[in-house]
Amino acid sequence: MKNQKEFNALISLLEDPDDEVFKHVFEKLSSFGTNIIPNLENAWEDCFDPILQKRIEELIHRIQFESIEKEFIEWSQSEDTDLLKGALIISRYQYPDLNENEVIEKIERIKTDIWIELNDDLTALEKVKIFNHIFYNVHRFSGNSVNHLDPQNSFLNIVFDNKKGNSISLGIIYLVIAEMLELPIYGVNLPFHFILTYIDHNEQTLSLFDEDIKERVLFYINPFNKGAIFTEKEIITYMKKVNPKLSENEIDSSFFLPCNKKTIISILLNQLIQSYESLGYITKVDELQIFMDHLKPEEN
């Protein structure tokens, strides 16, 4: 920081018992943005007052949160949303120092391993079986059925470290790789579970809102269960098993259709909110709800 004396003076004022002084100093330090974080970390290390340390921690978190929130707003307002980018922004909410390139490189390696085995003569089912073998057997990804509500299941960097995730995080990685390989696989926001679908893709581009898209669904994929392949009838059977009171009239056709990337990120956020609610982390729930609100359409 250019003016170290000013910084030191502001840090010392963080201890001021006057709420107005503290608020003013807090706002002033926050205005410097992420560039000031190394200075704050050094100040924390040189400090032995637990109250001041806690206030510095809160300040660092606020600066990081506002920076990530700004980036997420830009992502949400983009017309050409990048699914991986959206998921990595959410991961950086918990891990601000996350090296995104490391995650991207790991995805590239899996993509290359699958690409080597694919060819144009294979059927859709054969392509997915190869994909599943490389993804689940070679790279050993699996669903975390033991501790499904663990928030770590939703952060891509941790999913790569542990090789375990939930249906939405595994589904996002699966979708990102499928898009790189130009496989027509899309996310489906099924109640109680996030799944994927393989579309009969004969056009250069595919609109997720074509009237005949349901007729072009070849099969569905369960990313949580090693890419298990199933049909619409099996989905209905599963939904009735989860909710025995569910009637045929309550099973909407939209349940089986592809959803857009912003919807997928909202599912990821909702999963995290549920996870933190179960742990009683109300502050994190409130902060993640702010991200969720940015995905809501503006009212006229």
Enclosure of I282 CD1 (heavy-atom neighbours >12, cutoff 6.0 Å): yes
One pair to check against side-chain contact (heavy atoms from CB on, under 4.5 Å): L269 and L295. What are the steps and the verdict? CA-CA 10 Å; L269 283 168; L295 292 174; 3.9 Å; yes
Run the salt-bridge test on E108 and K111 with the 4.0 Å N-O cut-off and return the result as yes or no. yes
Under a 4.5 Å cut-off applied to non-hydrogen side-chain atoms, are Q64 and T34 in contact? no
If you measure from CD on E58 to CG on L40, what distance do you get to the nearest 0.5 Å? 12.5 Å
Please check if atom NZ in K163 has more than 12 non-hydrogen atoms from other residues, nucleotides or ligands closer than 6.0 Å. yes
Indicate, with yes or no, if L122 and I221 share a hydrophobic cluster defined by side-chain heavy-atom contacts under 4.5 Å among Ile, Leu, Val, Met, Phe, Trp and Tyr. yes
Just so I know, are the side chains of I195 and I235 near enough to count as touching, which here means a heavy-atom distance under 4.5 Å? yes
I173 and F135: CA distance, side-chain angles, deciding distance, side-chain contact (heavy atoms from CB on, under 4.5 Å) verdict: CA-CA 10 Å; I173 297 171; F135 190 71; 3.6 Å; yes
Do the side chains of I116 and V128 join up, straight or via other hydrophobic residues, at under 4.5 Å, putting them in one cluster? yes
Answer yes or no: is there a donor N or O on one side and an acceptor on the other, between the side chain of N132 and the main chain of G227, under 3.5 Å? yes
Atom CG of N222 and atom NE2 of H193: how far apart are they, to the nearest 0.5 Å? 4.0 Å
Determine whether W44 and I60 make a side-chain contact, defined as any pair of heavy atoms from C-beta on separated by less than 4.5 Å. no
For this output row, return yes or no: ring centroids of F224 and H148 closer than 6.0 angstrom. yes
Under 3.5 Å: donor-acceptor pair, side chain of S91, backbone of A87: yes
Same cluster for L125 and L118 if Ile/Leu/Val/Met/Phe/Trp/Tyr side chains link at under 4.5 Å? yes
Would a 4.5 Å heavy-atom cut-off, applied to side chains only, mark I265 and T81 as touching? no
So I172 and L84, side-chain contact (heavy atoms from CB on, under 4.5 Å) or not? Walk me through it. CA-CA 7 Å; I172 287 173; L84 178 58; 5.6 Å; no
When clusters are formed by joining ILVMFWY residues with side-chain heavy atoms under 4.5 Å apart, either directly or through shared neighbours, do L170 and L149 land in the same one? no
Here the pair of heavy atoms bringing A124 nearest to L218 is CB-CD1, 3.8 Å
Could you walk me through whether T263 and N260 satisfy the side chain to side chain donor-acceptor pair (under 3.5 Å) test, starting with their C-alpha distance in whole Å, then the side-chain angles of each, then the deciding distance to 0.1 Å, before giving a yes or no? CA-CA 5 Å; T263 297; N260 61 42; 2.9 Å; yes
Donor-acceptor pair, distance only, cut-off 3.5 Å: does the side chain of S76 make one with the backbone of I73? yes
What orientation do H294 and F72 show, parallel under 30°, tilted 30 to 60°, or perpendicular over 60°? tilted
If you measure from CG on L288 to CG on L272, what distance do you get to the nearest 0.5 Å? 5.5 Å
Are V138 and L181 linked, directly or through other ILVMFWY residues, by side chains that come within less than 4.5 angstrom of each other? yes
With a 4.5 Å limit on heavy-atom distance, are the side chains of Y186 and L257 in contact? no
Apply side-chain contact (heavy atoms from CB on, under 4.5 Å) to the pair M292 and S266, showing each step before the final yes or no. CA-CA 6 Å; M292 184 75 87; S266 73; 3.8 Å; yes
For residues 26-35, the salt bridge (Lys or Arg N to Asp or Glu O under 4.0 Å) pairs (sequence neighbours left out) are E27-R62
So with a 6.0 Å cut-off around CD of E179, is the heavy-atom count from everything else above 12? no
Residues S154 and Q271: closest non-hydrogen pair is OG-CG, 3.5 Å
Say you draw a straight line from CD1 of I56 to CZ of F26; how long is it, rounded to the nearest 0.5 Å? 10.5 Å
Least distance between heavy atoms, T231 atom then E234 atom: N-OE1, 2.7 Å
Mind checking whether V217 and E232 have side chains closer than 4.5 Å, heavy atoms only? no
CD1 on I185 to CD1 on I177, rounded to 0.5 Å: 10.0 Å
Using the ring-ring contact (aromatic ring centres under 6.0 Å, His included) rule, pick out the option among F160, F131, Y174 that qualifies with F141. F160
Which heavy atom of Q152 sits nearest a heavy atom of V159, and at what distance? O-CG2, 4.1 Å
Listed partners of N147 passing side-chain contact (heavy atoms from CB on, under 4.5 Å), at least two apart: N144, D150
Residue pair V285 / Q289, side-chain heavy-atom distance below 4.5 Å: no
Distance (rounded to the nearest 0.5 Å) between I130 CD1 and E117 CD: 6.5 Å
Expected output: side-chain N225 to main-chain A228 donor-acceptor under 3.5 Å: no
Can you say whether the rings of F65 and F291 are parallel (under 30°), tilted (30 to 60°) or perpendicular (over 60°)? perpendicular
For K284 against Y276, the heavy-atom pair lying closest together: CD-CE2, 3.4 Å
Which atom names give the shortest non-hydrogen contact between I107 and M180, and what distance separates them? CG2-CE, 3.7 Å
Walk me through it: do E102 and K106 pass the test salt bridge (Lys or Arg N to Asp or Glu O under 4.0 Å)? CA-CA 6 Å; E102 288 184 0; K106 291 175 181 178; 5.3 Å; no
So, S169 and N166: side-chain donor and acceptor under 3.5 Å apart, yes or no? yes
Could you check whether atom CZ of F219 has more than 12 heavy atoms from other residues, nucleotides or ligands sitting under 6.0 Å from it? yes
